[in-house]
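See structure below.
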Amino acid sequence: MDPQGNHSNRLNFPAGFLWGTATAAYQVEGATQEDGRGPSIWDTFSAIPGNVVENHTGEQACDHFHRWREDFGLLTRLGIPNYRFSISWPRVQPDGKTLEPRGLDFYDRLVEGLLERDVTPMVTLYHWDLPQALQDDGGWTNRDTVARFVDYAEVVFSRLSDRVPYWMAVNEPFCSAFFGYGNGVHAPGISDHRQALRSMHHLLLAHGLGVERMRELADDGNSFGIALNFAPAVVETDDPAHEEAARKFDAVQNRICLDAVTGRGYPEDYLGDVAHLDALAPAVQDGDMASIAAPLDWLGVNYYAPCRPAPRGAGDEGCGLPGLDDVRMLPAPPPVTSMGWEQAPGQLTELLVWLAKRCPTLPLIVAENGAAFADTVGDGGRIHDTERMRYYTEHLAAVRAAIDAGADVRGYYAWSLLDNFEWGMGYGQRFGVVHVDFDTQERRIKDSGWLLANAIETNSVPQGEIPLP
Ligand code: GCO
């Protein structure tokens, strides 16, 4: 190691690079009826047979509500200095309006527990678990929900902001709106393109007004971002029809939310793609776009894989999303993860470089990156998850390549600390660097967890072959 702490034959990260792991409330907490918690749309949605693989629900999840001390002990064992988690809105306000003090007290304990272990918290206020009571009044299609969210943001921020530096109002508004209200594969399970567009606008408005409200209360120890999920559109033909399908998909997946929150407004091409629905433009009221573009301190980048859009022919299954009626997804080429997602680290480099050019004044933080693979618990409880180790090594190298190309990437949060409830896929898709036996709730650190620990300890990743821990 040289005086600057650089290791030869390894890819070194900048000094001060933020290393962390991420989770989300509904995916890990369980205890869905404890301490006055109200039902969320995910409690309702997952209880409906057929909505989630094997009818799994978040009722128990990783039982993190009771086992958080053990889980934070894993952060210590792995030397993970930053931890992103989300607040369950219905635990803090069971009806979406009325404070449940025990809910807020729980998150106060989590923050204290992190600080006691020298782990820096990053909070996401909304990671998809809307109080069901608000959905009963229209949910994100109802503009009133925005005001409810701002009140909720103020309540949580007022309690925790003195100890939590990093804040995000909303995680992936695209998924929440388009999968929740557009094609129905997520809660609340609605398939209505007009509702999806209205919901997306209101989620973005909630983000902007929430950040604005929190910034009014903030001191210089607080910074604000948003986590947007990106999937670069890969086209391997110069066929104009393919190019058009990719343009449409790129607008929906990669540009609507980004351009709105960074002050460009909604992309004109997309407004044209959905003009026939007469839903997005009418939802926009005077001042909304300026509110949505509330200044940010950094951009959270959630990346897993690219997509391969193509023109949709007769009999082809479509995306089911607004503006994509004539678009389908081609199967991902190998290597893929157990989710069927393409492993394409080079696309992460290209994405980060593209974002750096599109938002040159906005530092980037990879707020989620990781992979699901089937895990086998071997002798002595060892989990030799070499595919996940390779995914992390390659994608961390991709982040470093983006930094070398001039992208201002400040950090990387692995998704996820724990195997957890993977939404519509239930518990069968394991993203954790720590294995969870959902029958016994036993935790076992996977080899990928030790690889991450080594990267953190050395602020670098190996080049080429992966050293086995
Ligand atoms: C998302 C969500 C996470 C997922 C993870 C794996 O990005 O979809 O933020 O909750 O579990 O991405 O799909």
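Note that ligands are numbered from 1 as they come in the structure, with each ligand's atoms numbered from 1 the same way.
Taking every heavy atom of Glu368 and a limit of under 4.0 angstrom, the matching atoms of ligand 1 come to 1 (C), 2 (C), 3 (C), 5 (C), 7 (O), 9 (O), 12 (O).
In this structure, atom 10 (O) of ligand 1 lies nearest to the protein heavy atom Gln27 OE1, 2.6 Å. Here the heavy atom of the protein found nearest to atom 7 (O) of ligand 1 is Glu172 OE2, 2.3 Å. In terms of protein heavy-atom proximity, atom 12 (O) of ligand 1 is closest to Tyr304 OH, 2.8 Å.
Close N/O approach between Asn171 and ligand 1 is found [any backbone or side-chain N/O within under 3.5 Å]. Polar contact with ligand 1: present for Glu422 (N/O pair, distance under 3.5 Å).
Asn254 and Arg358 share no donor-acceptor pair across their side chains, judged by distance under 3.5 Å alone. Counting only N and O atoms by type, the side chains of Thr337 and Tyr304 include no donor and acceptor under 3.5 Å apart. A donor-acceptor pair shorter than 3.5 Å cannot be found between the side chains of His435 and Asp375.
To the nearest 0.5 Å, the span separating CG on Leu324 from SG on Cys319 amounts to 5.0 Å.
Scored by the side-chain contact (heavy atoms from CB on, under 4.5 Å) test, Cys175 finds Trp128, Glu172, Phe179, Asn229 as partners (sequence neighbours excluded).
Residue contact check for ligand 1: Tyr26 places no non-hydrogen atom closer than 4.0 Å to it. The shell of residues lying under 4.0 angstrom from ligand 1, judged by heavy atoms, includes His127. Contact between Asn229 and ligand 1 is absent, with no heavy atom of the residue lying under 4.0 Å from the ligand.
Taking the six-membered ring where the residue is Trp, Phe17 and Phe13 present tilted rings, their angle falling between 30° and 60°.
The cationic atom of Arg91 (NZ for Lys, CZ for Arg) lies less than 6.0 Å from the six-membered ring centre of Phe106 and within 45° of the ring axis.
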